[in-house]
Student: 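The structure that follows is given in the form of structure tokens.
Throughout, a chain's letter reflects where its sequence line sits, starting with A, and its residues are numbered from 1.
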Amino acid sequence: MIQIDHITLGYANQTLLRDFSLTVNTGQKVALCGPSGAGKSSILRCILGFVRPQTGSIIIDGVELDRHNVWTLRRRIGYVPQEADLADQLVSQTIRRPFSFRANARLRPNLDRLPQMLRQFGLSDAVLDKEMPALSGGEKQRIALIITLLLDRDLLLFDEISSALDERSTETIAAMIRESSRTILLVTHDRRLTAVCDCVVDIPSLGQAL
Amino acid sequence: MTDAIPISNARMAAAYILLVIPLAILLWYRIPLIGKMLVAVVRMTLQLLFVGFYLQVVFRFNNVWLNLAWLIAMIAVADVSIVRHCDLRLMRFAAPMFGALVAGTAIPLLFFVGVILNAPGLMDAQYVIPIGGMILGNCLRADVIGLTGFYQAIRRGERAFLLSLAQGAAIGEAVLPYFRDALRGAMLPAVTTMSTIGLVSLPGMMTGVILAGADPFTAIKYQIAIMIAIFTGTAITVLLGILLSIRTSFSGYGILDRSIFAK
């Protein structure tokens, strides 16, 4: 369960999001909607500890996020950013790298599911031998999603996950969200994705994004 | 072999006549570098004269503590120069870089003097000061390349860096690719220099030893040893410079602290 408890986000004298609270129960799928710059992506980054709230707190399964436990909590969260800015290397290396981290060592057998995942998201095995910069935005987004799904996290945070995807891939993701038993919080404007969520939260605009 | 021919003050002054050639080139093509060139020549002259006078005193006394003080002063100057050239905050980086430079100078220097030369005194001014200076001077450029490369690459590629953290990387795992690239970038010039030395140019130390009257083969042995010492010093200072500064450059959440940058 993710509890966002009365957080205020902003920088310098500008407030982006004021006194915002939200609870996402275990297994629930919640979509965050709202105008650009309302702070939707910043909420996801706040849950990951990349942005610190000026007030309020983030509580995950009863544990309040702080600089000591953020490292453990991150290992329970899967995150797909809006722009999948992955390092300049071969796709196969990009996919394998997170599995070289000590915290993910026990997940290495999950890589056996890679060929099946590639097919599921409309990618051929040949993509593995390409350099990351040679991929289209949609291909990068699908690779980032595949990595996140292979990491088998309990909580999934998706930021505009369908922004560069074609119809078929978006429908695959919508089906995946609908069938998943995981807790999912996603930022999206895509009706096909909001339609499979349990709840849609509208974030009003106060300022510019962090 | 004969000792180096002494240069009289009058003939030393004559060396400046050579400057007429670059000065004429700058004037002819109206390159706005004359002021800077003249200031640089004056600075070089005054700095080297000062060092010359000071070294005479240091060599005359050949006192362990005085030699050590001179080495520490050189390290402190190099420390400030490296941090400033990296556009990093002096207050944040002076201490870790100083530690890295002390280790990166002391280890190859003591090995050079104690093991390779087997000199009677480990802190003999005749060896410790010129060799320490050569190691330090050559580490300077590599450290600037390494530190700048490391922190600027993370700053530019912050999204990829943060994604690594989100994927479960510890801070050491997240910085590893940037660390490898920075070390490679810093050490590559020294590797290139080693592979072409003697073919492209006669190195400084070898020239100095030959001018002092030694036979070329002795000069070559000194040069090989100093190149290895410099390369070792470079590796140690870049490695420690980054490792010692990581602790204070990232927040407890693993985020790069942007206030480390001077610009």
Student: Might you point out which heavy atoms bring B:L165 and A:W71 nearest each other, and give the distance in Å?
Tutor: CD2-CZ3, 3.7 Å

Student: With a 4.5 angstrom heavy-atom cut-off, which part of A:S100 approaches chain B: side chain, backbone, both or neither?
Tutor: backbone

Student: Between A:I77 and chain B, with a heavy-atom cut-off of 4.5 Å, which part of the residue counts as in contact: side chain, backbone, both or neither?
Tutor: backbone

Student: Specify the closest pair of heavy atoms between A:P81 and B:L163, including all atoms of both residues, with the distance to one decimal.
Tutor: CD-CD1, 3.7 Å

Student: Got a second to check how far B:L176's CG is from A:F101's CZ, nearest 0.5 Å?
Tutor: 9.0 Å

Student: May I ask you to name which of B:A160, B:G252, B:G157 has the most heavy-atom pairs under 4.5 Å with chain A?
Tutor: B:G252

Student: At a heavy-atom separation under 4.5 Å, does A:I147 approach chain B through its side chain, its backbone, both, or neither?
Tutor: side chain

Student: Rounded to the nearest 0.5 Å, how far apart are CG of B:L162 and CZ of A:R74?
Tutor: 8.0 Å

Student: What closest approach, in Å, do B:E173 and A:R102 show between heavy atoms, and which atom pair accounts for it?
Tutor: OE2-N, 2.7 Å

Student: Taking everything shown except A:R76 itself, do over 12 heavy atoms lie less than 6.0 Å from its CZ?
Tutor: yes

Student: Just do the side chain to side chain contact (heavy atoms under 4.5 Å, CB included) check on A:F50 and B:E158 with the steps written out, would you?
Tutor: CA-CA 11 Å; A:F50 296 157; B:E158 194 176 30; over 6 Å; no

Student: With rounding to the nearest 0.5 Å, note down the distance linking CG in A:N104 to CD in B:Q167.
Tutor: 8.0 Å

Student: Give the minimum heavy-atom separation between B:G168 and A:A103, together with the two atoms involved.
Tutor: O-CB, 3.7 Å

